[in-house]
Amino acid sequence: MFASIPRVRFAPSPTGYLHVGGARTALFNWLYARKTGGRFILRIEDTDQERSTPEHTQVILDGLTWLGLDWDFGPLFQGDFVERHRADAEGLLASGKAYRCFCTREELEAQRKATTHGGETFRYDRRCDRLPPAEVEARMARGMPFVIRFRMPHEEIAWEDAVHGRISFQGHDLDDLVILRTDRTPIYNLAVVSDDIAMRVTHVIRGDDHISNTPKQIALYRALDAPVPVFAHVPMILGADGKKLSKRHGATAVGDYQHQGILPAAMRNFLALLGWSPGEDREIMSGEDLIALFSLEGIQKKPAVFDPVKLEWMNGQYLSHMPAAELVAPVLLELDGMGIAHGGGDGIAPVIDAVKARSRTILDVARQVAVRLDPGRAGLDEKGRKLVEKMGDGYARSLRLAADTLRGIPEGEWVPGRILEALRRQVEHEGMSLGDLLQPIRVALTGSTVSEPVNELLAVVGRAKALERLGEAGGTGGAGGGPGAGR
RNA sequence: GGCCCCAUCGUCUAACGGUCAGGACACCACUCUUUCAAGGUGGGAACACGGGUUCGAUUCCCGUUGGGGCCA
């Protein structure tokens, strides 16, 4: 057999959404395949009939696609291979590496009670393995139900884990594994091994939580005379409280982050850094960078806490370095979702440009764009409210002064430079500071004390809308200068 | 309870026997500025504990403690 290229797989159960932990496992597999020129197989483990749904499968595919992870084979469905799983189980039976067990659930429970006095772990005593062949025949003739059990070798089972180094278990600590149920459906560990052998998987990159399955699976590989793949067990992702990340920690599905306005490139970058590092002080990495730098050796042994704040920071980095043109489509989508009318055009690119450096998510960008399109809709945020409170009557007074000043600028001269000049002159005349006049304008227009420079803000919003809004907020009851006025 | 895995700032991490233990997020100052962000500069902040091995341990070995996973 010639040296084969690496083949890895991501094998999610379609019983829920694509969890960030699963997404990261998929990412590592994908990175490894792309790095080594190998193949990435997507296998849907849909053998849990109760909980598996096509909808969940679709959500998983969508999530992977969104993250930019493409697969070379699949999606393959484990349920399609049950016949092979059975054949493998029968093969083990035929070769004497497995045996029929007629013990019922009740009998097993009784055995457990009888043998585990202290806190000992119950292990099946192989009584059915000692049944004389004639007895086995007789029971089968009577139609007694049975499972097929794999006879676990009582020896050390160890492997060189690509992230943990040597891990070893003692075979006698492991139970004789049921591989086929009485209804002839295969058990998880058999199905996985059977599939990985058939699909010629060379590297199993999966979550830490599978470490205890690994010795059982290795025993099966050996019994089935198949080469044992390389195992790489990547650490779990935890919530802020140090417990396995779950629903009660908030958003755990990649779809949640998609809807919060996180960019796929940022999500991918962030996920890659959870439990892996390139070994140098690099944080912002493109897909190409990640592929170039990825290695199984760089994977961390200890679990990582998922920090949404850092994710948002990273997303902000991507946002501010991204050309506004690329953000137009996603922002328009958000605006649609918010029910904001936007002439759909390129007109909003400059607005996006003005706000993206101040934003952490696409949602942030969209909210700010919305306010610029329609200043009247701005509610006050925390900081804005505080400023209005602090200024008292001065707030409205400043706005009226600003409106009077700005009304003197004709439509044709409504540009940042001209606007700033006028405001400056007014401030000098009144003997106030520039901030005293500009900050109220900012709050009136955006509801917040955060925005691009006020003169640019005014220019983006447009003369008519700006004056109208200042009039409303200033309490003069209406537009001081409607469209076309002021000339 | 059994088996297994793990342990550097609050969090993500670098270090592969000799470093003032480095970077990033967050936080705090200062700076820039037309406010707030962003940017820039600086600051506080970690080797879980105890034994070994070694001239020398964050690093290697053992144990303790703590956390996690799987099974029960």
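Just so it is clear: chains get the letters A, B, ... in the order the sequence lines come, proteins before strands, and each one is counted from 1.
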Separation of R469(A) CZ from L467(A) CG (nearest 0.5 Å): 12.5 Å

side-chain contact (heavy atoms from CB on, under 4.5 Å) assessment of L271(A) paired with F28(A): CA-CA 9 Å; L271(A) 248 24; F28(A) 284 2; over 6 Å; no

Nearest-angstrom distance, C1' atom, rG56(B) to rU19(B): 14 Å

Rounded distance in Å between the C1' positions of rA14(B) and rU41(B): 23 Å

For residues 416-427 of chain A, tabulate all N or O donor-acceptor pairs below 3.5 Å that involve a side-chain atom, not counting sequence neighbours.
unit_1  : atom_1 : unit_2  : atom_2 : d
R418(A) : NE     : E413(A) : OE1    : 2.7
E421(A) : OE2    : R425(A) : NH2    : 2.6
Q426(A) : NE2    : T405(A) : OG1    : 3.0

Nucleotide-resolved protein contact map, nucleotides 31-43 of chain B, B/S/- at heavy-atom distance under 4.0 Å: ---BBBBSS----

Spacing of Q217(A) atom CD relative to rC70(B) atom P, expressed in whole Å: 14 Å

Whether Y124(A) and Y99(A) hold their rings parallel, tilted or perpendicular, with breakpoints at 30° and 60°: parallel

Heavy-atom protein contacts under 4.0 Å, nucleotides 14-23 of chain B, coded B base, S sugar-phosphate only, - none: S-------BS

Sugar-phosphate, base or nothing in reach of G316(A), heavy atoms under 4.0 Å: nothing

Gap between atoms CD1 and P, on I237(A) and rG69(B) respectively (whole Å): 14 Å

Base paired to rC55(B) (Watson-Crick or G-U; both N/O distances under 3.5 angstrom): rG18(B)

Aromatic ring pairing Y257(A)/F306(A), orientation class (parallel under 30°, perpendicular over 60°, tilted between): tilted

Cationic N near anionic O, under 4.0 Å, R372(A) to E452(A): yes

Check: W159(A) and R166(A) side chains under 4.5 Å, non-hydrogen atoms: no

rC25(B) to rG42(B) separation - P atoms, rounded to the nearest Å: 14 Å

For atom CG of D161(A) and atom C1' of rC6(B), their distance in whole Å: 13 Å

